[in-house]
Amino acid sequence: MIARNIKPPVVLLTLAVLLLSGCAGTPASRDEIVRERAEQRWEAIFAKDYARAYEFYSPGYRTKYTATDLEIAIRLQKVRWTSASYSGQECEEKTCKVRFTLNYRVAAPVPGVDVYDGFNSIEEQWILTNGKWWYVPVNP
């Protein structure tokens, strides 16, 4: 027996909720995962949370360099990154090239100039190893 006291809007609302709840459980795509990890790495660098940033580097990099090595390398750079904005990526099965536009600042680049602000486009290499995406620096 069908209950006749259920209103059509309630049925439609129930169906909509069921459909949307199914979407919430879908796993993120490879592209979304790589983009999220790449952005999180930059967020950690800007927050000066170098230990957290180090966690995004490939296992191969981490066998050669420590989190302290990474922090020292970043702190010794004359260029200070001020922001990073994602601009795209190209992925294959186990590699992704992720592009960012980086804004930066250089203190006293030449005599008579206190500071220089600029931007540059970069391309990062990410690899899939042991089921997880990792950043691979080109020149560590």
Side-chain angles (χ1 to χ4, degrees):
M1 179 173 190
I2 297 176
R4 295 186 184 251
N5 59 352
I6 297 177
K7 307 274 188 221
V10 172
V11 172
L12 292 175
L13 181 61
T14 303
L15 287 173
V17 168
L18 288 173
L19 286 172
L20 290 175
S21 66
C23 293
T26 57
S29 73
R30 171 198 59 205
D31 291 356
E32 292 169 330
I33 291 168
V34 174
R35 178 181 177 169
E36 182 177 301
R37 286 185 57 79
E39 288 177 332
Q40 288 172 348
R41 187 182 75 84
W42 278 109
E43 289 168 8
I45 290 170
F46 292 131
K48 295 183 168 90
D49 188 349
Y50 304 114
R52 185 171 140 244
Y54 180 76
E55 294 172 7
F56 294 97
Y57 283 71
S58 71
Y61 176 90
R62 289 182 285 133
T63 61
K64 192 171 181 181
Y65 301 100
T66 67
T68 303
D69 293 331
L70 174 64
E71 179 175 352
I72 290 168
I74 292 173
R75 289 183 181 270
L76 288 178
Q77 290 179 343
K78 292 184 179 188
V79 172
R80 296 287 173 234
W81 300 302
T82 56
S83 68
S85 54
Y86 172 85
S87 53
Q89 68 192 52
E90 294 171 12
C91 294
E92 294 179 10
E93 186 177 337
K94 293 190 176 194
T95 62
C96 280
K97 293 179 181 180
V98 183
R99 293 179 304 281
F100 282 93
T101 299
L102 293 178
N103 291 313
Y104 62 87
R105 173 169 281 182
V106 180
V110 294
V113 177
D114 291 334
V115 69
Y116 174 78
D117 291 312
F119 68 93
N120 194 20
S121 295
I122 64 158
E123 187 172 86
E124 300 181 344
Q125 183 71 32
W126 287 75
I127 61 167
L128 180 63
T129 302
N130 298 327
K132 199 164 186 178
W133 287 94
W134 304 98
Y135 171 67
V136 180
V138 175
N139 295 319

[atom1] of [X] to [atom2] of [Y]: how many Å apart, nearest 0.5 Å?
X	Y	atom1	atom2	value
Cys96	Leu128	SG	CG	8.5 Å
Thr95	Glu90	OG1	CD	10.0 Å
Glu55	Leu70	CD	CG	11.5 Å
Thr82	Phe119	OG1	CZ	11.5 Å

- Asp117 atom CG: more than 12 heavy-atom contacts under 6.0 Å: yes

- Item | Crowding at CD, Gln77 (>12 non-hydrogen neighbours, <6.0 Å) | yes

- Task: Using the six-membered ring wherever Trp is involved, compare the ring planes of Tyr116 and Tyr104 and label them parallel, tilted or perpendicular (cut-offs 30° and 60°).
- Result: tilted

- Task: Fit a plane to each ring of Tyr57 and Tyr54, take the angle between them on a 0 to 90° scale, and name the class: parallel (under 30°), tilted (30 to 60°) or perpendicular (over 60°).
- Result: parallel

ILVMFWY cluster, [X] and [Y] together (side-chain gap under 4.5 Å):
X	Y	answer
Ile45	Trp126	yes
Ile122	Trp81	yes
Ile127	Phe56	no
Phe100	Ile74	yes
Val136	Trp42	no

- Query: Can you check side chain to side chain contact (heavy atoms under 4.5 Å, CB included) on Arg35 and Val98, steps first, answer last?
  - Reply: CA-CA 7 Å; Arg35 178 181 177 169; Val98 183; 5.9 Å; no

- Expected output: side-chain Glu39 to main-chain Tyr86 donor-acceptor under 3.5 Å: no

- Spell out, as yes or no, whether a donor-acceptor pair under 3.5 Å connects the side chain of Arg80 to the backbone of Arg75. yes

- Could you please spell out the steps behind the side chain to side chain contact (heavy atoms under 4.5 Å, CB included) verdict for Glu124 and Lys97? CA-CA 5 Å; Glu124 300 181 344; Lys97 293 179 181 180; over 6 Å; no

Identify the two heavy atoms, one from [X] and one from [Y], that lie closest to each other, and give their separation to 0.1 Å.
X	Y	value
Ala53	Ala44	N-CB, 3.6 Å
Val115	Arg105	CG2-CG, 3.1 Å
Tyr50	Glu71	CD1-CG, 3.2 Å

- Salt-bridge test for Glu93 and Arg30: reply yes if a basic N is under 4.0 Å from a carboxylate O, no otherwise. no

- Query: Is it the case that Arg41 places NZ or CZ above or below the six-membered ring of Tyr135, under 6.0 angstrom from the centre and within 45 degrees of the axis?
  - Reply: yes

- Is NZ or CZ of Arg37 both nearer than 6.0 Å to the six-membered ring centre of Trp134 and within 45° of the ring axis? yes

